[in-house]
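Here the structure is laid out as structure tokens; the discussion comes afterwards.
Not measured: the values here are computed from a predicted model. Chain letters run A, B, ... following the sequence lines, proteins first, then strands; residues in each count from 1.
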Amino acid sequence: MGLFGRLVDDLVNTFVSILKGHQVTWRNLWRERVTLQYPNERPKLPERYRGLPGLHPELCIVCGACAKACPVQVINIQGRKIAGTRHRELVRYQLEAGRCMFCGLCEEACPTKPVKAIRLSNTFELAVADKSALVLEIPQLLEIWKSKPVEVPEEQYLAATPKKLAAQELAKQAEGEKPKAEGAEAAPRPKRVAAEGGPAGG
Amino acid sequence: MSTELPDSPEEAKPADDIFGLYGLEDLLGEGVEVSVPPVGDPVVTIAREKLLEACRFFKEEQGFDYLILVSGVDRGDHLESVIHLGKADAPNIVILKTAVPYDDPHVPSVTPLWQGANWHERESFDLMGIIYDGHPDLRRILLFPEWDEYPHPLRKEFRLPSLEGKYTVE
Amino acid sequence: MNLPITLTGIVEGALAPLGLQGLTPLVVYLLDALIILLLLIMPVVTILIWLLRKMLGFIQRRLGPMRVGPFGVLQTIADAVKLFHKEDLFPANADRVVFALAPFLVFVPAVLVYVVIPFGQGDGFVTKDLSVGLVYLTAVTSISAIGIITAGWSSDNKWSLLGGLRSAAQLVSYELPMTLALLGPPLMAGTLSLSGIVAAQQSVWFVVPQALGFLIYFIAALAEIAHLPFDLPEAESELVAGYNVEYSGMRFGLFFLGEFANSFTICLVATVLFLGGWHLPFLGGLPLTSWQTGLATVATMALLGGGIWYLNWRRAGWTSATRWHWLGYVSAAILAAIVLVAGLVGFISVVITLVKTSLLVFVLMWLRGTLPRVRVDQLMSFGWKALVPLGLVNFLALAFQAATGIPTGWVLNLLFFVFVGWLLLFAWRKRWAYSAVS
Amino acid sequence: MATETKQTSEPDGVLRLGGPGLAAEPTGDIHEIETDHLEVSMGPQHPSTHGVLRLKVKLDGEWVTEVQPEIGYLHRGVEKIAENRTYFQFLTITDRLDYVAAMACNAAYAVAVEKLAGLTVPPRAELCRVIVQELDRIASHLVSVGTYGLDLGATSPFIYAFRDRETILDLLEMVCGARLTYSYIRVGGVARDLPEGEWRTRFRQFLDEFPPMLDEQDTLLSENEIFLLRTRGVGVLPPEVAVNYGTSGPVLRGSGVAYDVRRSKPYGLYPQLDFNVVTRPTGDCLARYQVRVEEMRQSVKILRQCDQLLDEIPPGEVLAKGARGVKPAAGEAYASVESPRGEMGVYLISDGSNKPYRLKWRSPSFVNLSVLSAIGRGWKVADLVAIIGSIDPVFGDVDR
């Protein structure tokens, strides 16, 4: 072949390779598009999607497991004991969504049943004009919580909230009964829960 | 020169065979100790005067030609320079450790043996403050040159702001 | 057929009371240029950019612009408005005068070229049919090289300097084969006037006897306008953006527009010189005045755009994504009206020219969607070692043919056709199975 | 086309490599013209430095006479953060290291902690790990290959690659709920079992549809003469130098060294799986590119085997007992996995508490990038771009 052969070979290769590339792009010209026209067409999010965490304040037993599990410490919980009972109620729950990394450890740590008090929702649009708007308080968190459908009917998961249990307990106390056993069953002891979630402090 | 190696990593590391396997008898002596921890790979602790010699032994006579990692550890009372050596064609790993006092953190550089040590040592110098003698270009690599908030942030004295749980119940 | 009111008449009427009739030709010229700019270049470039982005999008299985106007027709206008709003930045150490002038040096020649190009049959379709049209063409297109070089130099940025230098080397090198290839058609037509060259192609388009010349011209012109695979002066992955890295606002927009106007220009020139201009085997054009050319052009682009639009509709369907619905409908209605009016007046020759041009523009887009960029030394060696010798051989064969009548040019091109055919056969025999991997 | 690689031994005994430009020293009369080298800063804002890499480049015309990478623009002190997080919590931070292949980061860390704490991973979890890691490897290589096309000026391969990657990200999103920061492979197993039903169908569909798409996209690049001109013989890294620098992954295998952690230091389910360690002998940019493409095909092969194993290994426990509050005994361990970029290792020291005493991340990109100053000189600026692209650094991983 020699030099001429190599030259011809080069020419053929160049020619074919460039035509082949154009063949590929030509074929793609007629294929179905894959673009999603986002604000008008919404993505179909899978069931396990990890969006913004939402909280149901009624369900929260104020055990602090989520705050301890959080690797970036964006959860701030303030609670108080319901006078005369073992139950606690939520005073304030703050979540700094701007620093949240949607890892879902809080949801995994949450001990409430049958529905978790803190759940990652399908909300992913976080754009705000002011960073302070990303510090979420209970009303917003509740809205986010409710944005994701729950399989359990509402009466069922709201049947044994800490407040209701406390009210029952108080009522029983008023009747003169000893409410210990029931209270221990309803609210798991925070220490055990915290150990499962992995304590961060100390 | 390298010793013949069994196929699987389990066979390669029976604790009692370690000296024969890695030919460590020749190396043992003043300033060189070997320990086989229950978890992990054999550790050879070397005085810093003999480090380069030991590295050359491992590279040239034992075929540990692949430098995995050079790192620094703050042990609380002294610093430690750790070298992980491996082979490009076998699963064996050996860990070389050299203790370095805080007030005189000098260790010979292994860049003459492995070019790859260059950036590892720069990083260790940058974050841990170990000075590698004989390094061709020892300067900060990850932090910017004027960094002076705390010279070597991976030392234990440098503490991050504490991450207290924000969980309060009245 | 002419419209009852002519531009000259209007200008004369306006100037006569002031006693300035003497200025009429000048004013008419300026107005003519303005009309060409506003009615021809701007809409063409606007629609061309949209077309290009749509085609590139389709090639890449995207949709391209979709927001402004129906299917994003008005995206380019929105971009231009945005660019006008941007701050006009000058680097601290830039040579301010040169820096400010450079974009015009790129954009103005791109527009000036259109002066001599005949869009259709008859005097009405060419602003000024110079007897040395081809010389003017090559001279004017070369000016933009100066603009690019000065832009690169005056920015006081090392990357843009590199881009400017690359472009200097590239434009000077490829000017040579391009001009050699451009010399073919006048040799055969016996005139340098572009209308004359088109008229000479009535029986056979020059792409047949000068296929090699056409190929050389097209490749060299790609390099001249810095189009992929030769877009080295502004190679964004190497030189960030090359010569225009420091430009902002509408100065950058001028580079951008100039670039697209240039890609339209080379296709138009190729059509006029090699693809027979407005000639179809048996259809002639109808006479039209120059400013109607603009309307006709817009109309054609609208028709082409309509095709893309249809494709887009097939793919994306109607969505409420088009926020400027009403604007889109208005613009579509205007375009439709123009098509109607221009159609009534008769513009078939212009349509033929522009359809041919648009096909070439599509080839440009296709190349852009497919090929990677060559390296600077490969570009140079390809230019000097392949294109220049080929161009010389081609030119000598054609010149010999013109001087003696011995059909050397035909023989050369016959050889070229045989060679291409053999390549195709070879390629087919390999069943496209050539794989460089092995 | 420049194919020659020169090696020079300089006074300090350091081996230096480089392209043909090293010989481009002026001779004869040219000496009389005074010339100066142009020093430019390539990056940290530059379209083709793949993130925040800054190169101090000395140019002699278009020739690169010296290149010095400057890194650290994305340094976040991850190793220090590790000392302040529990073993379980830190896993979520590892997502942010090599963000293009976060599964490998998860896996490297999990394997190290398991080795240290002596945790046994359930078989089903091992299978899930292999599947997501290989899917992620394909996704990562697609980014690398696609952006490589973009570096060389070809836009379409990039889009095609991202279209396929999108399919994988959808699959992974169905598995763990996130597209980049997976946090799926946990210490002691995985977060959840793979979903059944639709996921499985789409997974199989992907395995069928992906290889032809890959071939098509590969046609645009490795069968294009211009691409070959730009990559063949450019940025040659001889095998002995590659080993000496400690490079790994496609960079090392492109130089013909068959070092793959999945084979050399097997972990997880890999010893049971059948796949080839892809190597190319030439050590140039093209070889590194081809290794990546071929590795994607091998990953598909692994995934097909996993698809069968999914039926054989029944769903069950996917997280080892006691993994959440894991507290390894005092000691240390080094474990590594094969990330798409090479050997990603974690050196972990425990003092018996629930937080690591020291964590050192052996990031493949960091090591691979260090070779750039050796092989980057003597080439054209455009080649330098090609070389960086073929090394494929990810700056979350380099700077940590």
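Put simply, the side chain of D/Arg297 reaches to within 4.5 Å of the side chain of D/Val293, judged on heavy atoms.
Both the backbone and the side chain of D/Val40 come within less than 4.5 Å of a heavy atom in chain C. With a threshold of 4.5 angstrom between heavy atoms, C/Arg166 approaches chain D through side-chain atoms but not through N, CA, C or O. Residue D/Tyr160 touches chain C through its side chain alone, counting heavy-atom pairs closer than 4.5 Å. Interface residue D/Ser41: only backbone heavy atoms are found under 4.5 Å from chain C. Only the side chain of D/Leu59 has a heavy atom closer than 4.5 Å to any heavy atom of chain C. Only the side chain of C/Val376 comes within contact range of chain D, with heavy atoms under 4.5 Å apart.
Listed for the D/Arg292 side chain is a donor-acceptor partner under 3.5 Å among the backbone atoms of D/Ser390. Judged by distance alone, the side chain of D/Arg341 and the main-chain N or O of D/Asp392 form a donor-acceptor pair under 3.5 Å.
Ring-plane geometry between D/Phe206 and D/Phe210 is classed as parallel, the angle between the planes falling under 30 degrees on a 0 to 90 degree scale with a further cut at 60. Ring geometry, C/Phe255 versus C/Tyr243: the interplanar angle exceeds 60°, so the pair is classed perpendicular (tilted spans 30 to 60°). Using cut-offs of 30° and 60° for the angle between ring planes, the D/Phe227 and D/Tyr148 rings count as perpendicular.
When each of D/Asp383, D/Leu221, D/Leu384, D/Thr219 is scored by its heavy-atom pairs under 4.5 Å with chain C, the top score falls to D/Asp383.
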